[in-house]
Amino acid sequence: MDSHGSSLNRSQSVASGLEKTTWKPSHSRSSSTLSSRQSRQIIKDWEVIDDLQVDMQTGGEHDMTIPGLCEGYLLKRRKWPLKGWHKRYFVLEAGILRYSRNQQDVSRGRVQGSLDVSLAVMSINKKSNRIDLDAGDILYHMKAKSHEIFYIWVTKLQAHRLYKKNEAATLHSGFLQTLSFSVADSAGASGALPSANTAVNSKVSAWLQQSHNPDICVQGICQKLPKTQHSQINKPAVGRHSSHGPPSVADSAAEYFDASDDVLCGSSSEVSDESGLSDGSTPNSDVVAKSTGRRTTLPATCPDNSHVGLMAILYNNIGKDLARVSMPAALNEPVNLLQRLCEELEYSELLDTASNTPDPYQRMVYIAAFAISGYSTAMFRNRYKPFNPVLGETYECIREDRGFRLISEQVCHHPPISACHAESENYSFWQDQRWKNKFWGKSLEILPTGMVNVTLPRYGDHYEWNKVVTCIHNVLSQQRYLEHYGEVTIRNLKSNVCTCKITFVKVNKNLNEVQGTVLDQSGSIIHRFGGLWHEGIFCDTLPTPKCVWKPSESIMIPKDHLVYYGFSTFAMELNELTPDLKPLLPPSDSRLRPDQRLLEDGKVEESDMKKDEIEEFQRERRKELSKKGEEHIPRFFKKAKDACGRDVWLTNETYWKLRENPGFAKTENLILWS
Ligand SMILES: CC(C)CCC[C@@H](C)[C@H]1CC[C@H]2[C@@H]3CC=C4C[C@@H](O)CC[C@]4(C)[C@H]3CC[C@]12C
């Protein structure tokens with residue numbers, strides 16, 4: 001796992017995960033000795049971290065945990081005397097940043113300077129690992145030795161800034177309350193807050209206690225850092241009052257196995273003409289909503305999870321794969337990451353259309369629309385996270401109505417990888433999904449690796465494309481929203497007649513904007529299209545200009561889907577378990593996973609307990625395997641290399657054969673839960 005260490009690559013850095021930035025204030029960057037080109041470059045690489053929003057209502061509720069201590073060496077720039085960069089030992093505690101010449105001086109209490117970080121404007125330069133804190137009269141220029149250390153300091157500084165601001169807000173509102181003698185009223189108001197789910201809260205506090213152990217640090221981060229840098233992350237403050245809050249990036253010893261999976265299929269291809277995007281010539285505008293015989297709702301509405309203290313969870317797992325972090329079930333949606341892979345086929349009719357489009361350039365437009373359509377679910381899906389599949393978990397989805405069947409499997413735990421393969425008369429679709437996440441204090445970036453593949457046997461095409469970055473903005477607050485940004489390049493590995501470039505525009509006035517072009521061999525634009533990834537894509541260069549895709553009615557027409565986790569009809573169908581299907585599934589199928597089922601039925605506390613049990617069982621299985629010196633071997637996928645030498649997971653083509661004969665009831669199966 002190298003989720004935290006790698007610096008962003010080119011396309012990802014277009015899309016910085018830090019909240020909207022403005023120009024670096026003129027103070028520190030104006031150096032008259034630089035050429036104008038150089039100085040422009042320098043200004044360009046600086047980002048001012050947005051001022052943190054303090055939520056006055058909840059300020060006193062769950063954000064008051066004092067963030068863990070962070071300490072270690074950084075370079076500090078000095079103007080006079082001895083101009084230049086000097087190594088200094090910094091300690092960040094309860095919102096105050098102090099520095100001394102070295103670690104010994106800290107323990108002797110010899111502090112050279114200190115700063116309340118909530119009062120400073122913070123700007124960072126990801127390229128040069130630099131952090132500036134400008135509090136007007138006090139100005140710190142700091143530089144980290146590596147990207148890892150830089151990243152940890154930025155995140156921790158954000159946490160401490162937020163904490164300090166919340167503290168001030170709480171004091172302020174307390175003061176106001178006292179002034180207005182409204183003590184009784186305020187007690188009433190807090191009573192009106194969503195009632196805390198006891199199971200969830202006890203889990204969070206158990207977690208915090210575990211993560212209190214300062215000797216154990218985040219797997220991944222600590223393994224990566226040389227020994228001397230450990231203190232940067234997680235050193236206990238000897239002799240310092242460390243009674244409050246979890247230690248910084250520290251983490252519990254246990255590995256939290258909770259699997260990641262995503263795939264689901266559903267069927268809601270009805271296309272509405274109401275959005276204004278359509279000119280009536282959408283590919284399916286003549287399709288009348290037809291019943292699929294599948295369920296149209298979930299058994300229970302989603303729980304309120306606004307009380308769950310996400311901040312502690314995220315801060316204690318910096319640098320870790322989210323897909324391995326166990327979270328309270330109240331944060332989950334009743335689909336997993338294997339099922340979410342299948343959800344990318346919600347608009348599979350675009351692949352059918354592509355397969356019926358002889359012109360290669362037009363075909364590419366439909367493939368592009370398909371690639372974009374997979375992102376549309378994100379619009380209403382930011383309050384819950386999918387279940388993480390356990391290693392060996394599988395999921396199948398047969399959609400006669402849509403003409404495809406899909407299987408997916410959790411093939412690797414470290415790092416978490418979910419592989420899927422779908423086949424239809426018209427196409428094959430496969431991908432193995434893995435991602436790195438970066439938590440920047442206020443936003444969380446998901447950086448997917450791995451390519452998506454589609455083949456169209458009719459034309460011998462094999463399309464391949466990358467995924468863009470998804471950023472969860474305001475991840476700690478209820479004002480959370482998702483944004484996708486970056487560039488997608490679609491290539492046809494079997495022909496270079498055309499390629500396609502799609503840009504997911506980052507923070508633009510037109511939020512969620514996408515633009516794309518289909519280029520011929522010489523680079524000339526043959527088609528252009530654009531739109532919004534949550535509303536539809538229009539192409540005006542086709543023989544008849546038209547809307548090539550728009551989301552299904554079940555998500556566009558305001559209904560009660562928000563109380564059902566923001567699911568479209570297709571998403572609701574993913575975890576449906578009918579009596580005729582049950583005996584045909586292998587026991588490892590996600591539909592049979594009890595914790596997910598309990599959550600779907602609205603039994604949150606029971607789900608939470610069951611989830612713990614399943615995760616514990618997974619840990620035991622792993623221990624046993626490693627005792628025997630064995631490794632888990634996926635059952636339905638095999639590892640291979642693609643043309644570029646990248647590791648890929650491909651179907652081994654046994655699933656459907658075994659299902660048919662002798663049937664999973666008669667095979668030896670992995671037991672993942674009881
Ligand atoms: C902790 C909580 C409650 C915050 C909610 C986190 C949610 C919004 C996160 C957790 C995992 C995330 C998914 C992880 C991986 C991918 C694949 C990528 O190609 C598209 C985005 C997508 C599908 C992410 C969407 C956002 C996501 C679902």
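No hydrogens, no waters, no symmetry mates; every other heavy atom, side chains included, goes into these values. One-based numbering, in listed order, for ligands and for the atoms of each. Keep in mind that this is a model prediction, so the values were computed, not measured. Sequential numbering from 1 along the given sequence is applied to the chain's residues.
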At less than 3.5 Å, what protein N or O atoms come close to the N or O atoms of ligand 1? Include the distances to 0.1 Å.
residue  : atom   : partner : partner atom : Å
ligand 1 : 19 (O) : Lys467  : NZ           : 3.2

Are Leu351 and Arg402 close enough, and set up right, to give a side-chain contact (heavy atoms from CB on, under 4.5 Å), and what steps lead you there? CA-CA 11 Å; Leu351 296 180; Arg402 291 163 170 259; over 6 Å; no
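- Judged as a ring pair (Phe, Tyr, Trp, His ring centres under 6.0 Å), and not counting sequence neighbours, the contacts of Tyr565 are Tyr384, Phe567.
- The CZ atom of Arg294 sits 7.0 Å away from atom CD of Glu576, with the distance rounded to the nearest 0.5 Å.
- Just one residue in the list Gln410, Arg619, Arg593 forms a side chain to side chain contact (heavy atoms under 4.5 Å, CB included) with Val390, and that residue is Arg593.
- Between Glu600 and Arg295 there is a salt bridge, with a side-chain nitrogen of the basic residue lying less than 4.0 Å from a carboxylate oxygen of the acidic one.
- For Asp647 and Lys641, the salt-bridge test passes: some basic side-chain N is under 4.0 Å from an acidic carboxylate O.
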